[in-house]
2 protein chains.
Amino acid sequence: MVGHRVSFAGGTSRGVVLDLIRTRGPISRVALAELTGLTQATMSTVVRQLLDEGLILETGRGESTGGKPPVMVDIDPYSRFAVGVQLGRESITYVAIDLSGAIVGRTRTPGVGSTEPAEMVGRLAAEIDRTLAGLDIAKRSVLGVGVVAPGPLDLAHGAILRSPHLSAWSNVPIRDMLSTALGLPVLLDNDATAAAIGDFWSGRLDGVTAHATVYMGTGIGAGILIDGIVFRGASSNAGELGQVLAAADDGGPVVLEDVAAPSAVVERARSTASCARWGLTGLDEFDDFRRIALAAAHGDAEAGALIEFSAGHLAAGVLTLANLFDLDSITLAGPGFGVAGPTYVTAISRRLETDLFARMRHGVRVRLSPDVANAAAIGGAALVMQHELAPRTMGLSSLVAR
Amino acid sequence: MVGHRVSFAGGTSRGVVLDLIRTRGPISRVALAELTGLTQATMSTVVRQLLDEGLILETGRGESTGGKPPVMVDIDPYSRFAVGVQLGRESITYVAIDLSGAIVGRTRTPGVGSTEPAEMVGRLAAEIDRTLAGLDIAKRSVLGVGVVAPGPLDLAHGAILRSPHLSAWSNVPIRDMLSTALGLPVLLDNDATAAAIGDFWSGRLDGVTAHATVYMGTGIGAGILIDGIVFRGASSNAGELGQVLAAADDGGPVVLEDVAAPSAVVERARSTASCARWGLTGLDEFDDFRRIALAAAHGDAEAGALIEFSAGHLAAGVLTLANLFDLDSITLAGPGFGVAGPTYVTAISRRLETDLFARMRHGVRVRLSPDVANAAAIGGAALVMQHELAPRTMGLSSLVAR
DNA sequence: GGATCTTTCTTAGGCTGCTTTATTAAGCAT
DNA sequence: ATGCTTAATAAAGCAGCCTAAGAAAGATCC
């Protein structure tokens, strides 16, 4: 590494260093220099800047290795906060996280329903302000708000393109509206991508190269990260795992979403005689799905078969995803994994162990999100953290106009 | 773009500018500055450097738009060359390309067969030297040699990991051996990735964000490019399209390669009564496959059905690939598309038009490689060009040790 | 307990690739 | 010819990295 320049595009080194301190801290300047390839002198100034900004703290001395013991630095978790909002049909989840990615507060309000966008934005802003006040978080230490919605979005304009349950929101510039209402930066992204960034920001993906967070909500999506950078594809629609082809009962081709998603499981359950036993209401697909999963967990064989059916198909889809992206890490998140999560983890792990193309070369770590229900909201907040503190994009196209 | 610094990591701007001149040239310095976001002053010095290196030429005046007419610059195609070598079982293809990516020479020798690696390296070096001499190309204008092989490779050590037909080559450091024998830089990569880079270098992917070159040889693979950068995944095994799950006749799950690859088509053909009519030899799968494809092209319904069967399955696999990566461009290359290429293009286009998730937002350009048989070898040479003249890698991990 | 060694961290000065600003060059319009 | 517009270069400055050198703080040896 002598004589050759190490350069992170566009002042990214600050963000890389912050990432390392977050995931590996407490850590010394020397260790950071070794990890990044930057010189100790450069690291000294980068760390100085982070200290001046109040993002990190000197936490004490490390072990001496025969000379001066190093001064360790670590994240100051309470120096900055971010808010994540998940727009759902039945409910809206608000989450505040600190710089380490840990939840410091959570609220839930009734869903969007048929509320007009303009009014809803006002309510969102009020609820966010209230939540922050209740947590005693000064607004100037809040980096921004990340709004998470399902379905195809128009990221360029910060709007929802079309969503089954939020049809009135089509092409409404919700991002900018909320930003002016709040006086804070606002980002919009989809649930799977956000959940993936949440996994990354929490430090759980240290050492991972190619990761996917499989998000099962109304649909099934995957947020894909390469070295912690979101993979978006040509139109930000990458990772549409629900659209992978699956084998239907009758041999005909179907899309994964139609056989493995919670709604599909519930629908299959209803054509069953045992339907009544599980107390399905037909009102809330997630609630019904949870009842089936609970029955399965309590040993109900028929319910177990329904879940296994879904898990088997999802495992096949994830196998394809893992083969095509050559993944080395997968996280499962979203309400669909609320009760039956472990069953899905097992099914996917098994399938990958036997059928992954690269299984001789490396394994794939499959894990359940530590907070499946709030993963997307947490991720929304993490998205803001990453955007404000450690911005990074993939490729060069952003720099070539047209 | 005022006041804010535009930076391409690690001196990449030279490469970006060269890419633009190659694909959009002849072009003026001012136009290049606008496209890259760099200032005219910077562009002046970057272009000066490229002129000094002899990579580009001033080709004359452009149209005045009310003031001084711009001086146009363009690639000097014959200033540099690169060699691509495709290691095949039956034959080895050698290709020399110029800086524009055009073929300037091609040779074919008998395949590797059971030749010992050490001896084979000597033969390769001799044949490359001979080819270059025959084309009157000075060795100092040759940037290097790109060797292309099928199957899983160990890119870090420049060796073939395991290959059905090249078993004696396992873990032989062919890259370094050939490099010392030739006194030129040598790169090793797989056929699909190389073919994709070849497409990019030729300028055919101008304006494309997410591209895949589907390569059908013995197996089926995809080389994936994001903004012209190879997507490799955790262990350089990304894009294993042949491993995507497909629906078998009996409803059971099979892998795409087993139903759509040429060998699979030939095998199905042999269980047919019409087998004899097509004159299948059973010696060379590609030759047999070509016979079937030719029969299909001449209106043989049964042969046509076999090809359509393969194309239909491949189209399903490509649909999954396109959905997961959100592609906007696909090229088909490799010997498998030799005769029946157009049939495959049609099948894939149709499928994407009807079933692509993002079809309302953007189309996917599906095209046949202009030289299906030599695409991998050409790509090998292009790989060297890109590596030597416009190096680029994805993500930041390369800069963070361990 | 002091001298020396090792390791950590900072300072100083320099290079590179970019920026901004200013100047020269070369055409069009009147 | 005179000015106006666009193209290209020149000059000076800044930012992010580097190398080199030194200061700080403990470990080790006698």
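Keep in mind that this is a model prediction, so the values were computed, not measured.
- Judged as a salt bridge (charged side-chain N to carboxylate O under 4.0 Å, His left out), and not counting sequence neighbours, A/E388 has no contacts.
- For the pair A/E63 CD and D/dA25 C1', the computed distance is 15 Å after rounding to whole Å.
- Within the structure, every pair that satisfies the salt bridge (Lys or Arg N to Asp or Glu O under 4.0 Å) test and touches residues 41-50 of chain B, not counting sequence neighbours, is listed here: B/R48-B/D52.
- In this structure, A/T39 reaches the bases: a heavy-atom distance under 4.0 Å links it to at least one base atom across the strands shown.
- When the shell of 6.0 Å around NE2 of B/H387 is examined, it contains 12 or fewer heavy atoms from other residues, nucleotides or ligands.
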Show the distances under 3.5 angstrom between N or O atoms of the protein and N or O atoms of nucleotides 5-13 of chain C.
| residue | atom | partner | partner atom | Å |
| --- | --- | --- | --- | --- |
| C/dT7 | O2 | A/K68 | N | 3.3 |
| C/dC9 | OP1 | A/V71 | N | 2.3 |
| C/dC9 | OP1 | A/V71 | O | 3.4 |
| C/dT10 | OP2 | A/R29 | NE | 3.1 |
| C/dT10 | OP2 | A/S44 | OG | 2.3 |
| C/dT10 | O5' | A/S44 | OG | 3.2 |

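- For the pair A/L38 CG and D/dA15 P, the computed distance is 18 Å after rounding to whole Å.
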Show me the side-chain donor-acceptor pairs of residues 61-76 of chain B shorter than 3.5 Å, one per line, residues at least two apart or across chains.
| residue | atom | partner | partner atom | Å |
| --- | --- | --- | --- | --- |
| B/S64 | OG | B/G66 | N | 3.0 |
| B/S64 | OG | B/G67 | N | 3.2 |
| B/S64 | OG | B/G67 | O | 2.6 |

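- The 5' end of DNA chain D is approached more closely, in terms of each residue's nearest nucleotide, by A/V46 than by the other of A/S64 and A/V46.
- In this structure, A/D98 has no salt bridge (charged side-chain N to carboxylate O under 4.0 Å, His left out) partners at least two apart in sequence or on a different chain.
- Here B/S13 reaches the OP1 or OP2 of C/dC18: one of its side-chain N or O atoms lies under 4.0 Å away.
- With sequence neighbours left out, A/D206 forms a salt bridge (charged side-chain N to carboxylate O under 4.0 Å, His left out) with A/R24.
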